[in-house]
Amino acid sequence: MQSDWRRTHHCGELRVSDTGKTVVLNGWVNSLRGYNQQVFVDMRDRYGITQAVFESDTVSQQKDLFQIAEKLGREFVIAVLGKVRPRLPGKENLDHATGSVEVLASEIRVLNQCPTPPFEVTEFPGEEIAGEDIRLQYRYLDLRRPSLQKILAMRHCMNKVIRDYLDRDGFLELETPLLGRSTPEGARDYLVPSRVWPGAWFALPQSPQIYKQLLMVGGYDKYYQIAHCLRDEDLRADRQPEFTQLDLEMSFVKQDDVLEVIERLTVEVFAKCVGAKIARPFTRLTCAEAMARFGSDKPDLRFAMEIVDLTDLGLKTEFRVFKEAVEGGGKLRGICAKNAAGRFSNTDLKPGGKLSDFVIQCGGKGLAWLKVENGKITSTIEKFIPKEVQEEMRARLGAVDGDLILLVADKEEIASQALGSLRIHLARQLGLLDGLSGQYQICWVVDFPSFIFDAEEKRWVANHHPFTSPREEDLGKLESDPGSVMARAYDLVINGYECGGGSIRIHDPEVQARLFSVLGMTPEQARHRFGFLLDALKYGAPPHGGIALGLDRWAMILAGTANIRDVIAFPKNQKARDLMTGAPASVDARQLKELGL
RNA sequence: GGGGGCGUAGCUCAACUGGUUAGAGUACCGGACUGUCGAUCCGGUGGUUGCGGGUUCGAAUCCCGUCGCCCUCGCCA
C-alpha cells in the first residue's frame with residue numbers, strides 16, 4: 001500500500017506550471033477547513049504549505065476517501081495522491097508560494113495519527129507562542145515550527161559557508177578526542193569514569209585547545225574543527241553547558257594573520273547566511289580603551305552613550321562621596337542618557353530606587369545624577385557642585401535639554417563596570433536597541449593583560465588561558481610584574497556578545513614553564529599535569545596561534561534572538577536539565593558497580 | 001549559594017483595594033455550511049488558581065514554607 005507510493009514533490013514546490021501532474025505529497029496536517037461536501041487540508045513540511053482538497057463527489061478507487069479526510073486531525077502525518085490544478089480565479093492565497101495551486105486528492109494514506117498537541121505548532125504573527133518549558137518538553141513538536149526550522153537551516157548555512165571557505169583556504173578539518181585528561185584551571189570539567197581503570201576519570205573537553213596545539217606540533221599548519229565543547233558551569237541566556245565552537249589554529253602566523261582569516265570568513269558568513277554587508281577591517285579597541293569608553297570588554301557599539309571621565313571635576317565639588325573616591329585614587333565617571341530625564345523619576349534615582357539599586361548590584365556604592373531640563377540643571381546634589389562645574393560636566397557629556405546624566409564615583413574598575421552595565425540596562429529600557437535587527441557592529445578587542453590577581457586564591461590566574469603567549473617585550477617582567485604583562489590575545493565582539501577569542505600561543509617550552517610558575521604551579525605539578533605539552537613543545541613546536549568562535553552565539557545574532565536555546569535543536573534548560581528526556585537521571589546500580597562507584 | 005520576576009482551563013492571558021458561581025481568545029468535542037485558507041456560524045466539555053500551611057466572615061489576591069520556570073551576580077582558564 002504505502003510502499004508503492006513515493007513522494008514526488010515537497011509542500012513548498014508546486015506552481016501553476018505543474019498543472020495536470022499527478023503528484024504524491026507527504027506532510028503534517030497544518031490546518032483543516034471543512035464543509036459537508038468538501039474539505040481543505042493545509043499540508044506542511046519544512047519547505048512550505050500546500051493545500052489539498054477533498055470533495056465528496058470525487059470518483060476514486062478509494063471509496064472512503066472523503067470519510068478519512070473528514071476525520072483528520074492537526075499534526076496527523078499523511079500522504080496524498082492527487083492532481084495539481086490551479087485555484088479558481090480570485091481564490092489564490094498569496095501568503096504561500098504554492099498558493100496559486102492545490103492538489104485535488106484522489107487517494108489518501110494516514111501514515112500516523114496524533115492526539116491533540118499540548119500546544120499549537122502553527123505560528124501566527126504577533127501572537128504569543130507557548131511557554132518555553134512545555135516547548136522543551138515536547139521539543140520534537142516545537143522543532144516543527146517554521147521559525148525554528150528556519151534558524152536550524154541557517155545554522156546549516158553557517159557550517160557550510162565555514163567549511164567551504166576554510167577548505168578553499170587550505171585548512172584541514174580534523175577531529176580530536178572527547179575523552180581526554182582533566183586539566184586544572186579554567187571551567188569545571190564534566191567527568192566520565194573509566195570502567196577499565198576503576199577510580200580514574202576522563203574529562204570531556206572544555207575546548208580542543210591542547211589537542212589543536214599538538215596538531216600544530218604534528219605539522220598540520222592549518223586546522224579547524226566544528227567542535228562540541230562542554231563546561232560544567234551555571235547557565236545564562238547565552239550560555240549552555242554543551243556548545244559548539246569553530247576551533248581553528250594556524251602555524252607560522254602572527255596575530256594579524258589570524259584576524260584577517262576570521263574577518264574574511266565573517267564577511268562571507270554574514271553575506272551568505274543573512275545577506276548582510278560587513279565592512280572590514282573591523283574596528284579594533286584595546287581592552288583598556290573598551291573598559292574606559294564602554295565599561296566592558298565586550299562593548300555593544302550599536303549605540304553611543306560612552307562613558308566620560310570627570311575625575312578632575314570630582315575634586316572641584318563639595319560632594320563628599322566624589323571627593324573621597326577621587327582622593328582615594330578612584331575615578332568619577334558618567335554617562336549621558338539622551339532624552340531620559342523625563343523617563344526616570346527621582347524615586348527611581350534615589351537610594352533604594354530602581355536605577356540606584358542596579359548600580360549597587362553592580363558593586364557600586366551608589367548613583368548620582370543630574371537632569372538637564374528647561375534650560376537648567378537639577379539634582380539632589382546640586383548644592384554641593386558649583387554651577388560652573390555642573391556646566392563643565394554637562395558640556396563634557398554633551399548633555400542637552402531633556403538628558404539625564406548618571407555619575408558613579410568608585411575604584412576605577414567598579415566605576416567603569418557599573419556604568420558599563422548601566423549603559424546596557426538603559427539602552428534596553430530606552431529602546432535604543434529596538435528596530436536594530438539586521439544591524440551588526442563588530443569589533444576586535446585586543447591587548448588583554450595576561451594575568452589577573454585572584455584575591456580569593458591570592459595568586460595570579462591566567463586571564464585567557466595558560467598557553468597564551470605574552471607580548472615578547474613583556475617577557476622580561478613575567479616574574480617581576482605579572483600584572484603589567486600583556487597577552488597576544490584577541491576577542492571578537494559582535495553586538496555586545498563575546499563571539500570568539502583566541503591568541504598566539506606559547507611555543508617555547510621554557511616560556512611555558514615560566515608561565516606555569518607564575519600561576520603558582522611547582523615544576524613538579526606542571527610536569528605532572530602538562531608534561532606531555534612541555535615535551536611536545538621541546539620537539540620542534542612551530543610558532544602558532546588561533547581562535548575559537550562561539551557558533552551558538554553567532555547563530556543567535558544572525559537569527560536575531562536573545563536566547564541561545566532558540567538556536568539549538570535540543571538545549572538544556574537554565575538548571576542544565578533536558579526537559580524532554582529528563583537527563584540527567586539516575587542509573588542502574590549495576591552500571592555504577594561496573595564503574596567501581 | 002545570593003538578588004529579581006513569574007506560576008490561573010490543553011495553550012496564551014484577564015480577574016480593581018481581599019468580596020457573587022474564577023472569565024476571554026484559542027484548542028478540543030458536537031451540529032450547520034460546496035471555495036475555504038488563522039474559514040464562518042450555533043452549541044458544548046474543560047479549573048486542586050503549582051503544592052503545603054497560616055491570617056480572615058471570606059484568599060487566585062495577603063503572610064510563611066516548598067517546588068518549578070526565566071533573568072541576573074558569583075562562576076564561565
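Just so it is clear: chains get the letters A, B, ... in the order the sequence lines come, proteins before strands, and each one is counted from 1. Side chains included, hydrogens not; waters and symmetry mates left out as well; all remaining heavy atoms used.
- Distance check on atom C1': B/U45 versus B/U26 gives 15 Å, rounded to whole Å.
- Among B/G74, B/C75, B/U12, the nucleotide with an atom closest to any side-chain atom of A/Glu233 is B/C75.
- Contact annotation for A/Ile49: no contact, since no heavy-atom pair falls under 4.0 Å across all strands.
- Each of A/Ala237 and A/Pro125 has a nearest nucleotide on RNA chain B; the 5'-most of these lies closest to A/Pro125.
- Here A/Glu120 lies in heavy-atom contact (under 4.0 Å) with a base.
- Checked by atom type and distance alone, the side chain of A/Asp474 pairs as donor or acceptor with a backbone atom of A/Met486 at under 3.5 Å.
- Of the possible donor and acceptor atoms, one in the side chain of A/Asn573 sits under 3.5 Å from a partner among the backbone N and O of A/Ala576.
- Across all strands, A/Gln51 comes closer than 4.0 Å to base atoms (heavy-atom distances).
- For the pair A/Asp491 CG and B/C76 P, the interatomic distance rounds to 15 Å; values are reported in whole Å.
- The residue A/Arg85 sits close to a base: some heavy atom pair falls under 4.0 Å.
- Among the protein residues, A/Glu132 comes within range of the sugar-phosphate backbone only, with heavy atoms under 4.0 Å from sugar or phosphate atoms but none that close to a base.
- Taking atom CD1 of A/Ile129 as the reference point, atom P of B/C70 lies 14 Å away to the nearest angstrom.
- The distance from atom CZ of A/Phe66 to atom P of B/U34 is 10 Å, rounded to the nearest whole Å.
- Residue A/Arg135 is out of contact with every strand shown, counting any heavy-atom pair closer than 4.0 Å.
- With hydrogens and angles left out, the side chain of A/Gln361 and the base of B/G4 share no donor-acceptor pair within 3.5 Å.
- B/G5 and B/G44 have their C1' atoms separated by 38 Å, given to the nearest Å.
- At least one side-chain nitrogen or oxygen of A/Asn36 sits closer than 4.0 Å to the OP1 or OP2 atom of B/U34.
- Using atom C1' as the reference point in both B/C28 and B/C11, the two lie 11 Å apart (nearest Å).
- Comparing the P positions of B/C62 and B/C6 gives an interatomic distance of 10 Å, to the nearest angstrom.
- Distances shown here put every side-chain N or O of A/Arg236 at or beyond 4.0 Å from the OP1 or OP2 atom of B/C75.
- Put simply, CZ on A/Arg565 and NZ on A/Lys572 are 12.5 Å apart, with the number rounded to the nearest 0.5 Å.
- Between the side chain of A/Arg74 and the backbone N or O of A/Pro115 there is no donor-acceptor pair closer than 3.5 Å.
- Straight-line distance from the CG atom of A/Leu235 to the P atom of B/C73: 13 Å, rounded to whole Å.
- An aromatic stacking contact links A/Phe40 with the base of B/U36, defined here by ring centres under 5.5 Å apart and ring planes under 30° from parallel.
- The partner of B/A24, taking Watson-Crick or G-U wobble pairs whose two distances both stay under 3.5 Å, is B/U12.
- The residue A/Asp357 sits apart from the nucleic acid: no heavy atom pair falls under 4.0 Å.
- A/Arg428 comes within 4.0 angstrom of nothing in the nucleic acid, heavy atoms only.
- One interatomic measurement links the two molecules: CG of A/Asp42 to P of B/G35, which rounds to 17 Å at whole-angstrom precision.
- Donor-acceptor pairing under 3.5 Å, judged by distance alone, is absent between the side chain of A/Glu128 and the base of B/U26.
- In a base pair of the Watson-Crick type (N1 to N3 plus N6-O4 or O6-N4) or a G-U wobble (N1-O2 and O6-N3), with each distance short of 3.5 Å, B/G18 is matched with no nucleotide.
- Of the candidates B/G38, B/G35, B/C69, B/G38 carries the atom nearest the A/Glu127 side chain, counting heavy atoms from C-beta on.
- For the P atom pair drawn from B/C69 and B/C64, the interatomic distance equals 23 Å after rounding to whole Å.
- Among the atoms of the strands shown, none is found under 4.0 Å from any heavy atom of A/Gly73.
- Other residues, nucleotides and ligands place more than 12 heavy atoms under 6.0 Å from the CZ atom of A/Arg85.
- When the C1' atom is used for both B/U49 and B/G68, the distance is 16 Å, rounded to whole Å.
- In this structure B/G7 sits in a base pair with B/C67, meeting the Watson-Crick or G-U test at under 3.5 Å.
- One N or O donor and one acceptor, one from the side chain of A/Arg239 and one from the base of B/C76, sit under 3.5 Å apart.
- Spacing between atom CD of A/Glu456 and atom C1' of B/G1 amounts to 12 Å, rounded to whole angstrom units.
- No engagement by A/Leu519 is indicated, since no non-hydrogen atom pair under 4.0 Å with the nucleic acid exists.
- To the nearest 0.5 Å, the span separating NE2 on A/His465 from OG on A/Ser207 amounts to 7.0 Å.
- Comparing A/Pro466 and A/Ser31 against RNA chain B, the residue whose closest nucleotide sits nearer the 5' end is A/Ser31.
- Distances shown here put a side-chain N or O of A/Arg565 below 4.0 Å from the OP1 or OP2 atom of B/C71.
- Within 4.0 Å (heavy atoms only), A/Arg74 reaches sugar-phosphate atoms of the nucleic acid but no base atom.
- Rounding to the nearest 0.5 angstrom, the gap separating the CG atom in A/Leu246 from the CG atom in A/Leu549 is 4.5 Å.
- If you check B/C69, B/U34, B/C11 against the side chain of A/Ala130, the one that comes closest is B/C11.
- Note on A/Glu498: nothing from the nucleic acid sits closer than 4.0 angstrom, heavy atoms only.
- Rounded to an integer number of Å, the gap from A/Phe124 CZ to B/G38 C1' is 4 Å.
- Residue A/Asp234 places a side-chain atom within donor-acceptor reach of the base of B/G74, judged by atom type and a 3.5 Å distance cut-off alone.
- Test A/Arg505, A/Gln209, A/Gln225 against A/Glu249 for side-chain hydrogen bond (donor to acceptor under 3.5 Å, both in side chains) and you get one pass: A/Arg505.
- Judged by distance alone, with hydrogens and angles left aside, the side-chain atoms of A/Glu457 form no donor-acceptor pair with the main-chain N or O of A/Asp454 at under 3.5 Å.
- Of the candidates B/C69, B/U12, B/G35, B/C69 carries the atom nearest the A/Arg577 side chain, counting heavy atoms from C-beta on.
- Rounded to whole Å, the P atom of B/G1 lies 16 Å from the corresponding atom of B/G65.
- For B/G35, its base sits under 3.5 Å from the side chain of A/Glu102 at one donor and acceptor pair at least.
- Residue A/Asp232 is out of contact with every strand shown, counting any heavy-atom pair closer than 4.0 Å.
- Straight-line distance from the CD1 atom of A/Ile134 to the C1' atom of B/G7: 13 Å, rounded to whole Å.
- In the model, A/Asp566 has a side-chain atom that pairs as donor or acceptor with a side-chain atom of A/Thr561 under 3.5 Å.
- Using Watson-Crick or G-U wobble geometry with both donor-acceptor distances under 3.5 Å, B/U34 finds no partner in any strand shown.
- Within 4.0 Å (heavy atoms only), A/Ser207 reaches at least one base atom of the nucleic acid.
- With C1' as the reference atom, B/A60 and B/G50 are 12 Å apart, rounded to whole Å.
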